Amino acid sequence: MKSLTFNGSGLEYFKIWIVNILLTIITLGIYYPWAKVRNNRYLYANSILVDKNFEYHATGKQLFIGYLIAIILFVTYNVINELFPRVSFILLALLFISIPWLIWRSMKFNMNVTSFSNVHFKFTGGLGQAYITFFVYPLLFIILSIGIIALITTINNEFSILLGMIAMISLYVYAMSYFSVKKTNYLINFSRYGQGEFKTNLEVKAFVKIILKTILVSLLTLIISLVIAGFIYYFTISELGVFNDLIVNKGDPKAIINILGAIVPFIIFAYFIMLCISFISLAYYITRQREYVFKNTNLDEEIEFNSTIKFTTLAFIIITNLIAIICTLGLAIPWAKVRMTRYMLENTQVSSKSDIATYINEKKDAESAIGEEIGDVFDVDVAIPL
Amino acid sequence: MIEGTLYENRSSANEDAVLYISNENYTIQVEDTIIYAGQLASLLISPRLGNIERKITLEDGSIFATKENDIVDELILKVIKKKNILHKFETNIIFVFISLILAILFSFSFFKWGIPYLSKKIAYTLPLEVNNVISQNTLKVFDNYIFTPSVLTDEQKKEIKSSFESKLLPLVKQNNKIQYNIHFRQWKSEDKSIANAFALPNGDIVLTDEFVNLSKNEDEINAVILHEMGHIENRHSLQRLIESTFTAVLIMYVSGDTTSLGDLGIGLGSLFINSNYSRNHESQADLYAFEKMLAIHIKPENFANIINRITKDSIIKEDSILGYISSHPNTSIRINMAKKYTECYKKGISPCK
């Protein structure tokens, strides 16, 4: 079992990052695609496995058109949303319809421009399959949910409402799991490394278990947070007799404001706790999912993968990264990125039945059919748990 | 000489190799056998980036990869007269420091001055039809969800309207593209009647019943109407629309690079920034109102009085921390402005210094 490693440093990345940001600002944003390429190249090329590195081959020019169109669309959507709120629904619908296409294009492009040890990756999934996976399934889910809700509201008694709620939650959990399996299958099974094929074999049952466990973890975290919040409240607010103060000073606006002002830190703290809970749940979900998918994925039936990330560490990294980024008004972003990338890479393991280096050395790029070269991209970030 | 690895084109098959340079030519040897030879000028060298492996592409597509970046720069780049400009900047600590300072300055200036300036320019360039579209939709939504019909007497309404038409309309007669109209509504929240006045971009001004009831004379009402006219004349709604679009795009732009989970923290930040713009606009509208009041001899303290009364009456007060998030300027700032203008009024100075 060999782990991946990351050779770069937060400081080195920061220098590259800040200089490219300045260039982006000076050019009023036009340089952004080139900055993005440079940043990605740094992260990719410092990701190492058995002494070989990844490479990112996209050019700023390729990213530029998609980037321009994305901004125009975004601004247009905002403006139309303010002027003609009803029309914005149509725009949103159009966006949803185009999502499968965006994902498909992104996968093709991003795979094409990624190489490892001089051999390129490839994505051979079809557009039709993308629509089934990312449009039809979600649509079916929405229709089913509406059906259940409609059923509940017509039969209006408590028992049916309870039944309906249980049905909704079960449907949701199952649908999420089913969708995750279909999505991951699509993204992985059509990916190639050179001529090698990635294969994954996932069960909906396993994803259901993961979701249920995540819900449990969330509830647990929520209860713990409520207890902590309760203690804080008891020992501070009620101890200081804040509410008494409020009543005594009822007629005096200035005093009330000062008292309310003292509570604001607690409100911010409560908001922060809420964020932490969602991060912990998210970290748990990502960790278990990654574990399961990696274990059940192989390359050419010869190379196997493993994920060793821990959800506690992951949650800690996410939360502390966010705090650092906020406290430094964004300047800590390069360090945060390096830290996260390093953690993910170091906890990704690759093993081979024979020898990894030997397997890699025998790879060649796949023949690329005419017309498969995508010239530009809209760069949608698809969430494979990598 | 440079040590590295030689890869076949589009294949991971590789061998250890050495690149030798003499004058403007090179040779690549694998185990003392010359595999390639040619001119340095025909080599395609990947741009230097930190210390990542450098890729030198040969004419047939094979790649010579090496970690010896400095030697490559020293021996090859110098000869073929190419430079690593970006890399020089990225590794020069002074330049990095300058970038940091400039980036911060630019960002700050853009948010503080750039966006308002651009929004203003754009707001004045857009046709008035845009104003109409926004206004019609907004009033409809308000009427559907917030307002109920006014219960003021026709007498009261006529009085206010005629005072407005005779005293205030002449001030904006030259700009007769905007059609001003006074509308009366009742705004109830739970069982409390709320005092307020709104301006819609197309010239519709809405006064709530409670506001009319709280005012003691027509001067106070006109003072507030003038403030609303200040919003309309300065295209504030349009500006806010454009500003919020700018802010949203920029924040998406910037936050798009963080770990995607950072998005959750964005909500509050956006709120802070956007509320600041609204406070500026309120000050502008105050200024407009005071100037006009001086011009037609309405005592400025009328404005302070009615604002005071409304503020005491309203539920949300503005001092201290909450002032940052609220969208109206601090009441005491307003009252100070009123005092200053009262002085000018007494001395008959118009405009006020």
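Just so we're clear, the structure is a prediction, and the values are computed from it rather than from any experiment.
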Heavy-atom pairs under 4.5 Å with chain A, option from B:T5, B:L102, B:N9, B:L86 with the top count: B:L86
Exercise: identify the closest heavy-atom pair between B:S12 and A:S117: CB-O, 3.1 Å
Heavy-atom pair count under 4.5 Å with chain B, highest-scoring of A:E12, A:K15, A:R38: A:R38
Considering all heavy atoms, the nearest A:I21-B:A103 contact: CG2-CB, 4.3 Å
Donor on one side chain, acceptor on other, B:E8 and A:N118, under 3.5 Å: no
Under 4.5 Å from a heavy atom of chain B, the part of A:N53 involved: side chain
Spacing of A:L22 atom CG and B:I98 atom CD1 [to the nearest 0.5 Å]: 9.5 Å
Region of A:F14 in contact with chain B, defined by heavy-atom distances below 4.5 Å: side chain
Point-to-point distance, once rounded to the nearest 0.5 Å, from CG of B:L49 to OH of A:Y13: 10.0 Å
B:F198, CZ atom: more than 12 neighbouring heavy atoms under 6.0 Å: yes
Residue B:K120 excluded, over 12 heavy atoms near NZ under 6.0 Å: no
Among A:L11, A:I16, A:V19, side chain to side chain contact (heavy atoms under 4.5 Å, CB included) partner for B:V96: A:V19
Flag if over 12 foreign heavy atoms under 6.0 Å of CZ, B:F97: no
Between CG on residue A:L329 and CZ on residue B:F108, distance to nearest 0.5 Å: 11.0 Å
Over 12 foreign heavy atoms within 6.0 Å of CG, B:N92: yes
Candidate pair B:E53 and A:K52, rule salt bridge (charged side-chain N to carboxylate O under 4.0 Å, His left out), full reasoning: CA-CA 9 Å; B:E53 202 176 59; A:K52 303 270 182 275; over 6 Å; no
Straight-line distance of B:N51 CG to A:N7 CG, nearest 0.5 Å: 9.5 Å
Straight-line distance of B:I63 CD1 to A:S115 OG, nearest 0.5 Å: 7.5 Å
Top contributor to chain A contacts, counting heavy-atom pairs under 4.5 Å, from B:S46, B:G50, B:P47, B:S99: B:S99
Engaged part of A:I25 at the chain B interface, taking heavy atoms whose separation is under 4.5 Å: side chain
Per-residue contact mode, A:L23 against chain B (heavy atom under 4.5 angstrom): side chain
CD on A:E55 to CD1 on B:I52, rounded to 0.5 Å: 6.0 Å
